[in-house]
Amino acid sequence: MKCNITCIPGDGIGPEIVAEAKKVLEKVAKVYGHELQFKDILMGGASIDVHGIPLTDEAIADCKAADAVLMGSIGGNTSTSPWYQLPPEKRPEAGLLKLRKALNLFANLRPAYLYEELAGACPLKEEISAAGFDMMIMRELTGGLYFGERKTVTEDGVRKAIDTLTYDENEIRRIAIKGFDIARKRRGKVTSVDKANVLDSSRLWRAVVNEVAKDYPDVELEHMLVDNCAMQLVKDPAQFDVILTENMFGDILSDEASMVTGSIGMLSSASLNDSKFGLYEPSHGSAPDIAGQDIANPIATILSASMMLRYSFDLDKEADAIDGAVKKVLQDGYRTIDIMSTGMKQVGCKEMGDLIVERIS
Ligand code: NAD
């Protein structure tokens, strides 16, 4: 298979971790006989320094022309970097928002997986973490409360703020389809999370998800209220496979699910549109405090590259090879500084990349 991948190394540790993910992808391509072509573009602070803006139209065109985009992270130290003296629309993060919009990325995917070897970092009770968990939070990214009309008014001397939560059935249907498709690649279960006992938007959400489910008789569907889901995530996370939910609930639940894994440097993510196209990036930021020291953990970015193979290119075997190599490296006792524990061998960013490459065959 021939795939064109646009890479956005970005800022801070971004270039270091993207370099390792590329190395891993090149090894997979060699072993499995694929042709990958990479093109690097600038975004965020790196683009501001060269072009004066965080994302150029040419860079957007390069992303649109690719089969998928692999990103490191963008942004600098928000207190000291001159990028944050600029008006908000010229700051690094504005580039990412512009790109997500230009690419119509409406579905955000965040896996939360507890590696047996890192179970010590899990803040849950041992009897819960012992069962392990492996879930995927699928969050609607472009609708709902964050994109509804909002205003603050003063009525009779009293300040009042109004935010509106709107979803139409097409917005719900397209993300539900993605959720069911992804469940089919996993353990075949969707938990749709809403607040249907209170909100009209949730009642429509539930109705449309039920309609979509009819086309997926092989996928188990359950509905769960968001407050219950927040509790279940810490009480019994092993019950979840795909959690499908709207924008604000997903924002909160995906952070909760990430935190129970306990390891920020291990968390990958993807944002998809309604074709196979996606933007793949680690969940963490650009970590300017450790940039340029070769100590960042590249695994979140490497696992994001694995998601790219699985969800944009349908190369499941190849994605399994990367996931397996990451597991093996952890089993063999190698750790970057952020996941280091007694008795393990500490390695840097490059060495971690090399060790993963070695384990792909
Ligand atoms: P951060 O995730 O960059 O860092 C938080 C802490 O985790 C830091 O101590 C950092 O050293 C550590 N850390 C993060 N990733 C690591 C890794 N791979 N290996 C080892 N340690 C790691 O969050 P922050 O400090 O709040 O933000 C820094 C910058 O990143 C800001 O400019 C912020 O806007 C930006 N940011 C960008 C994205 C993105 O590009 N999508 C997401 C979040 C934050």
Side-chain angles (χ1 to χ4, degrees), residues 6-21 24 41-49 54-55 59 63 69-86 88-101 103 105 108-110 115 118 121 139 141 250-251 254-255 258-259 261-271 278-305 307 326 329-330 334-341 344 346-353 355-356:
T6 292
C7 289
I8 306 175
D11 307 315
I13 59 170
E16 299 166 58
I17 54 183
V18 167
E20 298 316 304
V24 170
I41 61 160
L42 298 176
M43 190 168 92
S47 173
I48 295 172
D49 289 347
L55 183 69
C63 291
V69 177
L70 178 67
M71 188 178 124
S73 46
I74 49 133
N77 182 316
T78 48
S79 313
T80 57
S81 165
W83 298 329
Y84 296 92
Q85 305 301 319
L86 297 166
E89 69 282 4
K90 291 203 167 158
R91 291 182 192 169
E93 289 70 17
L96 184 54
L97 295 177
K98 192 172 162 188
L99 186 64
R100 283 187 178 142
K101 199 167 169 201
L103 300 176
L105 303 171
N108 182 242
L109 275 181
R110 270 169 70 173
Y115 288 88
L118 302 180
R139 164 190 172 192
L141 207 55
D251 187 8
S254 58
D255 269 9
S258 304
M259 279 323 295
T261 68
S263 323
I264 190 172
M266 304 288 298
L267 299 168
S268 52
S269 87
S271 304
L279 168 74
Y280 298 84
E281 56 174 324
S283 295
H284 58 73
S286 60
D289 53 331
I290 58 165
Q293 298 175 38
D294 190 32
I295 57 170
N297 185 350
I299 294 180
T301 317
I302 290 169
L303 293 174
S304 303
M307 288 180 82
V326 168
V329 142
L330 296 176
Y334 296 102
R335 303 284 187 273
T336 43
I337 192 167
D338 56 312
I339 52 172
M340 185 58 193
S341 59
M344 300 295 126
Q346 192 173 316
V347 295
C349 182
K350 278 201 189 91
E351 193 178 352
M352 181 54 96
L355 290 163
I356 293 170

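Numbers here are sequence positions counted from 1. Order of appearance sets the numbers: ligands from 1, and atoms from 1 within every ligand.
- Between L330 and R335 the shortest side-chain heavy-atom distance falls below 4.5 Å.
- Regarding atom 19 (N) of ligand 1, its nearest protein heavy-atom neighbour is N297 N, 2.9 Å.
- The S73 neighbourhood of ligand 1 comprises atoms 40 (O), with distances under 4.0 Å to a heavy atom of that residue.
- With values rounded to the nearest 0.5 angstrom, D294 atom CG is found 5.5 Å from C349 atom SG.
- Set against the non-hydrogen atoms of E281, the atoms of ligand 1 under 4.0 Å away are 41 (N).
- Residue E93 approaches ligand 1 through these ligand atoms, each under 4.0 Å from one of its heavy atoms: 32 (O), 33 (C), 34 (O).
- Of all atoms in ligand 1, listed by their number and element, those nearer than 4.0 Å to a heavy atom of M71 are 40 (O).
- Residues in residues 281-290 take part in these salt bridge (charged side-chain N to carboxylate O under 4.0 Å, His left out) pairs, two or more places apart or across chains: R100-E281.
- For atom 27 (O) of ligand 1, no protein non-hydrogen atom is found at a distance below 4.0 Å.
- If you look at I13 next to ligand 1, the close heavy atoms, those under 4.0 Å, all belong to the side chain.
- In this structure, M266 and I339 have side chains that are in contact, with non-hydrogen atoms separated by less than 4.5 Å.
- Close N/O approach between Y84 and ligand 1 is found [any backbone or side-chain N/O within under 3.5 Å].
- Relative to atom 44 (C) of ligand 1, the option among C349, S286, G44, G285 with the closest non-hydrogen atom is G285.
- The residue W83 has no part lying near ligand 1, judged by heavy-atom distances below 4.0 Å.
- Contact annotation for I17 and ligand 1: no heavy atom of the residue comes within less than 4.0 Å of the ligand.
- With respect to atom 25 (O) of ligand 1, the closest heavy atom belonging to the protein is P288 CD, 4.7 Å.
- The structure places CD1 of I17 at 9.5 Å from CD1 of I302, a figure rounded to the nearest 0.5 Å.
- Per-atom contact check: atom 2 (O) of ligand 1 touches the protein, criterion being a heavy-atom distance below 4.0 Å.
- Polar contact with ligand 1: absent for I295 (N/O pair, distance under 3.5 Å).
- For I74, heavy-atom contacts with ligand 1 shorter than 4.0 Å involve the backbone as well as the side chain.
- Contacts between A300 and ligand 1 below 4.0 angstrom, taking non-hydrogen atoms only, are absent altogether.
- In terms of protein heavy-atom proximity, atom 32 (O) of ligand 1 is closest to G76 O, 2.6 Å.
- Using a 4.5 Å heavy-atom cutoff, the side chains of L279 and C63 are not in contact.
- Taking the side chain as every heavy atom from C-beta outward, I13 and H284 approach each other to under 4.5 Å.
- Residues Q293 and I337 are not in side-chain contact: their nearest non-hydrogen atoms beyond the backbone lie 4.5 Å or more apart.
- Summary of contacts: the protein heavy atom closest to atom 13 (N) of ligand 1 is A287 CB, 4.0 Å.
- Distance from atom 5 (C) of ligand 1 to its nearest protein heavy atom, with residue and atom name: I264 CD1, 4.4 Å.
- A heavy-atom separation below 4.0 Å is found between A296 and ligand 1.
- Of all the heavy atoms in P298 and T336, the pair that sits closest is CD-CG2, 4.1 Å.
- No part of T336 comes within 4.0 Å of ligand 1, judged by heavy-atom distances.
- Counting only heavy atoms, the protein gets under 4.0 Å from atom 38 (C) of ligand 1.
- Below 3.5 Å of separation, one finds an N or O of D289 facing an N or O of ligand 1.
- For atom 30 (O) of ligand 1, a protein non-hydrogen atom is found at a distance below 4.0 Å.
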Should K90 and I48 be marked as a side chain to side chain contact (heavy atoms under 4.5 Å, CB included) after you check the CA-CA gap, both sets of side-chain angles, and the distance that decides it? CA-CA 8 Å; K90 291 203 167 158; I48 295 172; 5.9 Å; no
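- Listed by atom number, the atoms of ligand 1 under 4.0 Å from L96 heavy atoms are 41 (N).
- For the atom pair CD1 (I295) and CD1 (I290), the distance works out to 5.0 Å, reported to the nearest 0.5 Å.
- Side chains of E93 and W83 form no contact here, defined as non-hydrogen atoms less than 4.5 Å apart.
- Every N/O-N/O distance between N77 and ligand 1 stays at or above 3.5 Å.
- Not one N or O on the side chain of D11 forms a donor-acceptor pair closer than 3.5 Å with the backbone of S286.
- Partners of L355 by side-chain contact (heavy atoms from CB on, under 4.5 Å), not counting sequence neighbours, listed by chain and number: V329, Y334, V347, E351, E358, R359.
- The closest protein non-hydrogen atom to atom 21 (N) of ligand 1 is I290 CD1, 3.5 Å.
- With respect to I74, the side chain to side chain contact (heavy atoms under 4.5 Å, CB included) criterion is satisfied by exactly one of L96, L42, L55: L96.
- A donor-acceptor distance shorter than 3.5 angstrom exists from the side chain of Y84 to the backbone of G76, with no hydrogens or angles considered.
- For ligand 1, the atoms closer than 4.0 angstrom to any heavy atom of G75 are 32 (O).
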